[in-house]
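Quick note: numbers below take in every heavy atom, side chains included, and nothing from hydrogens, waters or symmetry partners. Below, chains carry the letters A, B, ... as their sequence lines are ordered, and counting in each starts from 1.
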Amino acid sequence: MRRGAWPAVLLTLSSLVAIGPFVVMLVVALSPGNAPTIPYRLPTSLTLDNLAEVLSTGSFLRWTANTVIYSVVSVVAVLLSSSMAAYVLARKRFAGREVLLWSMLSTMMVPFQALLMPSLVVIAYLGWSDTYWGLIVPTLANAQAVLLLRQFIRALPDEVFDAARVDGAGDWRVYLSIVLPLCRPVLATLAVFVFLWHWNDFLWPLVVGHSDSMRTLTVGLSTLESGNLTAAELMSAATITGLPCLLVFVVLQRHLTKTISFTGAGG
Amino acid sequence: MARRRESLTVLVFLLPVLVLFALFRFLPMLGAVGLSVSDYHPGGGSRFVGAANFRSLAHDEIFLSSLSTTLGYVAVYVPLTVAVALSTAVLLHAVPWGRGLFRAALFAPYATSLVLSGVVWRWVLEPTGFLQHPSLVLPTLAVVGVWKGFGYAMLVLFAGIRNVPADCLEAAKVDGASAWQRFRHVLLPALRPAVFFVVVVETMAAFQVFDTVYVMTGGGPVRASYTLAYAVYDYGFRYFDVGGAAAIGVALWAIVLLVSLTQRRAFERNP
């Protein structure tokens, strides 16, 4: 046998197991009517009717909009706030810097469930229950983003910053015209990760909104009972929930896998 | 004057993150402890009750069974994730072609949500009865979790393997070491830091398993998949026992800390 044939065979099998469920999901979602699907029989024709049907029923469109708002606003806000903090944490000496870094690091070791109840009390005090503010703002405290950006900014050559100083650039100028442009690759990768984390987030959106109109796609999908829907409708709902992530992934996977390999970020 | 302006700038740059962390991380961290020793009622005030919540948890059969259920899940999920991740990483390293394609396919489930995996797998598994069987449900959930999440560990380990100097492996090969011996005595020792990182991260994740439980089983059948994270949700939002839910959350926190410290020691002790 040729060298490397066995690894290739095993990897092919594992890859089939990895993407098999998505293929099943897509095929069932695109199957017309009540085509028998267990055991999985390939349909003779494909249709987009189920997807359109699901999108037009109930609050599905609203849930989709909520998810887009939740993910996109979070990406922008996390990148901005984290990069600002990361800049001074990487480039300035000030009292309490180490304490701040360590306390941020420590929040990564706290299971989110421990913070669930007290976070909701904070939200209630702020009057943010069942609002976009309550949904979005608490998830913006992202230690991983700050620490990753700080690590990157710290590794930038000192000369760039010294030269800017000599030219008389203030901190805002340095941040806007040096830090942000130089950080573009990390910011791009981080943007994708924050997008995926928020798009796929479940527990927080589940508990923070009680009204149907505040649900995100993951929460909405979890409320769909397989008993009340045809398999094609259920898998269509799953497809709408997952397809954006899979597309983002297919387009950017090289980038993402490289980042995880280098930094371990993305957990 | 310049110094004051300088520290003002630092403050301004830090302000958004400081406020976010103060309100939504540090305050809740204190609040978690505070709530766990109170009998908080939404809108009804609260009273300090000392360790009463924890004492009642110690006699609470539901909590105790959720504790052992969670440990059972961790015991299946973590070794399985590391084993699958390590073997696929080694295979990826060994395969001469199509590496990028395999890597992408294996990592794809990681990009989607646990809810989505849960819904799709629930539907696929429905006819098998696995989810209705009390002794099969937990391993089944763990396998779904592994399917969804091993790609991350695989990438970290794959990066570790690539950092092992090729000379070492080559030298071992010339000395007549078999593939298994090369793996056991050259690769594995070099991978220790990566394996440690993966074990800690995945243990944290396993202790917090919630989404798949919520979607696939609701803790059942007969509480066979009722995990600690699910108990926090259940106590808080079904029984409206905020103090109890907070106490379980704090217990979960303490367990996770204890376990990661133990893991660190274990990895430091045996070189």
Side-chain angles (χ1 to χ4, degrees), chain A residues 3-4 7-8 10-11 14-15 18-19 21-22 24-25 38 81-82 84-85 87-88 92 94 103-104 107 109-119 121-122 138 140-141 146 171 196 200 202-203 207 218 221-222 226 231 234 238 241-242 245-246 248-249 253 257 260-262 264 266-267, chain B residues 7 9-10 13-14 16-17 20-21 23-25 27-29 31-32 35 88 91 94-96 98 102-109 111-116 119-121 123-124 127 152 155-156 158-159 197 201 207-208 210-211 214-215 229 232 236-237 242 245-246 249-250 252-253 256-257:
Chain A
R3 191 186 150 267
L10 290 171
L11 283 174
S14 333
S15 301
I19 59 171
F22 297 127
V24 171
M25 174 185 83
I38 303 175
S81 60
S82 311
M84 281 169 63
Y87 165 51
V88 293
K92 303 275 172 187
F94 54 91
S103 45
M104 280 185 179
T107 62
M109 288 303 289
V110 184
F112 183 65
Q113 280 89 3
L115 305 183
L116 195 61
M117 291 295 150
S119 299
V121 174
V122 174
L140 302 178
V146 178
D171 284 306
L196 289 179
N200 293 331
F202 179 61
L203 182 54
V207 299
T218 50
L221 180 64
S222 77
S226 50
L234 186 65
T241 307
C245 295
L246 286 173
V248 164
F249 170 73
Q253 66 90 12
T257 51
I260 292 185
S261 307
F262 282 141
Chain B
S7 46
T9 321
V10 166
F13 272 86
L14 279 178
V17 158
L20 285 171
F21 272 80
L23 275 179
F24 302 113
R25 290 292 178 273
L27 188 61
M29 277 158 83
L35 282 182
T88 45
L91 288 173
V95 79
F102 287 129
R103 194 177 56 183
L106 293 169
F107 188 66
T112 65
S113 69
L114 274 168
V115 172
L116 177 74
V119 168
V120 174
W121 276 102
W123 183 76
V124 170
Y152 174 73
L155 287 179
V156 174
F158 181 62
F197 177 78
V201 168
F207 268 108
Q208 298 180 55
F210 175 78
D211 303 12
Y214 183 94
V215 172
V232 174
F237 298 92
V242 177
V250 170
L252 182 63
W253 184 2
V256 167
L257 271 183

A.B. asks: Atom OG of A/Ser103 and atom CE of B/Met29: how far apart are they, to the nearest 0.5 Å?
C.D. replies: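 CE of B/Met29 is found 8.0 Å from OG of A/Ser103.
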
A.B. asks: Could you tell me which non-hydrogen atom of A/Pro21 sits nearest to which non-hydrogen atom of B/Trp121, and how far apart they are?
C.D. replies: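 Closest heavy-atom pair between A/Pro21 and B/Trp121: CG-CZ2, 3.5 Å.
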
A.B. asks: Under the ring pair (Phe, Tyr, Trp, His ring centres under 6.0 Å) test, which residues partner B/Tyr214, sequence neighbours left out?
C.D. replies: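 Residues passing ring pair (Phe, Tyr, Trp, His ring centres under 6.0 Å) with B/Tyr214: A/Phe202, B/Phe210, B/Tyr233.
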
A.B. asks: Could you tell me if the side chain of B/Phe237 sits less than 4.5 Å from the side chain of A/Met117, heavy atoms only?
C.D. replies: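 Yes, close enough: below the 4.5 Å cut-off.
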
A.B. asks: Check the pair B/Val17 / A/Met84 against side-chain contact (heavy atoms from CB on, under 4.5 Å), numbers first and verdict last.
C.D. replies: CA-CA 8 Å; B/Val17 158; A/Met84 281 169 63; over 6 Å; no

A.B. asks: For the residue pair B/Phe13 and A/Tyr87, does the interplanar ring angle fall in the parallel (under 30°), tilted (30 to 60°) or perpendicular (over 60°) class?
C.D. replies: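 Plane angle over 60°, so perpendicular.
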
A.B. asks: For A/Gln113 and B/Val232, which heavy atoms make the closest approach, and how far apart are they?
C.D. replies: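 That closest heavy-atom pairing would be O-CG1, 3.7 Å.
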
A.B. asks: Please classify the contact of A/Val122 with chain B as side chain, backbone, both or neither, using a heavy-atom distance under 4.5 Å.
C.D. replies: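 When you check distances to chain B, only side chain atoms of A/Val122 fall under 4.5 Å.
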
A.B. asks: Among A/Leu221, A/Val248, A/Ile19, single out the residue with the greatest number of heavy-atom pairs under 4.5 Å to chain B.
C.D. replies: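 Max contact count across the listed options: A/Leu221.
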
A.B. asks: Is the shortest heavy-atom distance from the side chain of B/Val119 to the side chain of A/Met25 under 4.5 Å?
C.D. replies: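 The answer is no, as the side chains (C-beta and beyond) never meet within the 4.5 Å cut-off.
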
A.B. asks: How far does CG of A/Leu203 sit from CG of B/Leu114, to the nearest 0.5 angstrom?
C.D. replies: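 One gets 11.5 Å once the value is rounded to the nearest 0.5 Å.
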
A.B. asks: Please determine, among A/Leu246, A/Thr241, A/Asp171, the option with the most heavy-atom pairs under 4.5 Å with chain B.
C.D. replies: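 When all of A/Leu246, A/Thr241, A/Asp171 are compared, A/Asp171 has the most.
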
A.B. asks: Can a donor-acceptor pair be found, under 3.5 Å and without considering hydrogens, that links the side chain of B/Arg25 to the backbone of A/Met104?
C.D. replies: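 No; zero donor-acceptor contacts below 3.5 Å.
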
A.B. asks: Shortest non-hydrogen contact from A/Ala114 to B/Ala32?
C.D. replies: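 A/Ala114 and B/Ala32 have their closest heavy atoms at O-CB, 3.3 Å.
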
A.B. asks: What part of A/Leu140 lies closer than 4.5 angstrom to a heavy atom of chain B: side chain, backbone, both or neither?
C.D. replies: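 Contact with chain B involves both backbone and side-chain atoms of A/Leu140.
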
A.B. asks: Within the structure provided, determine whether B/Pro109 and A/Phe22 are in side-chain contact (heavy-atom separation under 4.5 Å).
C.D. replies: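 Touching, per the 4.5 Å side-chain cut-off.
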
A.B. asks: Counting only non-hydrogen atoms closer than 4.5 Å, does B/Leu35 touch chain A with its backbone (N, CA, C, O), its side chain (CB onward), both, or neither?
C.D. replies: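 Side chain of B/Leu35 only, per the 4.5 Å heavy-atom cut-off to chain A.
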
A.B. asks: Where do A/Thr218 and B/Ser113 come nearest, in terms of heavy atoms and distance?
C.D. replies: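 Heavy atoms of A/Thr218 and B/Ser113 come nearest at CG2-OG, 3.8 Å.
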
A.B. asks: Testing the basics here: between B/Leu116 and A/Gly242, what is the closest heavy-atom pair and its distance to 0.1 Å?
C.D. replies: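 Residues B/Leu116 and A/Gly242, closest heavy atoms: CD2-CA, 3.7 Å.
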
A.B. asks: side-chain contact (heavy atoms from CB on, under 4.5 Å) for B/Thr112 and A/Phe249? Distances and angles first, verdict last.
C.D. replies: CA-CA 9 Å; B/Thr112 65; A/Phe249 170 73; over 6 Å; no

A.B. asks: So for B/Val215, is it side chain, backbone, both, or neither that comes closer than 4.5 Å to the heavy atoms of chain A?
C.D. replies: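 Only the side chain of B/Val215 comes within 4.5 Å of chain A.
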
A.B. asks: Do you know the tightest heavy-atom contact between B/Phe102 and A/Ala8?
C.D. replies: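 Between these two residues, the closest heavy atoms are CZ-O, 3.8 Å.
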
A.B. asks: Which one of A/Cys245, A/Ser81, A/Pro111 has the most heavy-atom pairs closer than 4.5 Å to chain B?
C.D. replies: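 Looking at each of A/Cys245, A/Ser81, A/Pro111 in turn, A/Pro111 comes out on top.
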
A.B. asks: Go through B/Gly98, B/Ala229, B/Ala159, B/Ala111 and name the one with the most non-hydrogen pairs under 4.5 angstrom from chain A.
C.D. replies: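 Greatest number of close heavy-atom pairs with chain A: B/Ala111.
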
A.B. asks: Using a 4.5 angstrom heavy-atom cutoff, name the option from B/Leu257, B/Leu20, B/Val256 with the most pairs to chain A.
C.D. replies: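 Ranked by contacts with chain A, first place is B/Leu20.
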
A.B. asks: Give the intermediate values and the outcome of side-chain contact (heavy atoms from CB on, under 4.5 Å) for residues A/Ser14 and B/Leu106.
C.D. replies: CA-CA 7 Å; A/Ser14 333; B/Leu106 293 169; 3.6 Å; yes

A.B. asks: Among A/Leu196, A/Leu116, A/Val110, which has the most heavy-atom pairs under 4.5 Å with chain B?
C.D. replies: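 Ranked by heavy-atom pairs under 4.5 Å with chain B, first place is A/Val110.
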
A.B. asks: Tell me, side chain or backbone of A/Leu11 under 4.5 Å from chain B's heavy atoms, or both, or neither?
C.D. replies: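 It is both, since atoms from each part get that close.
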
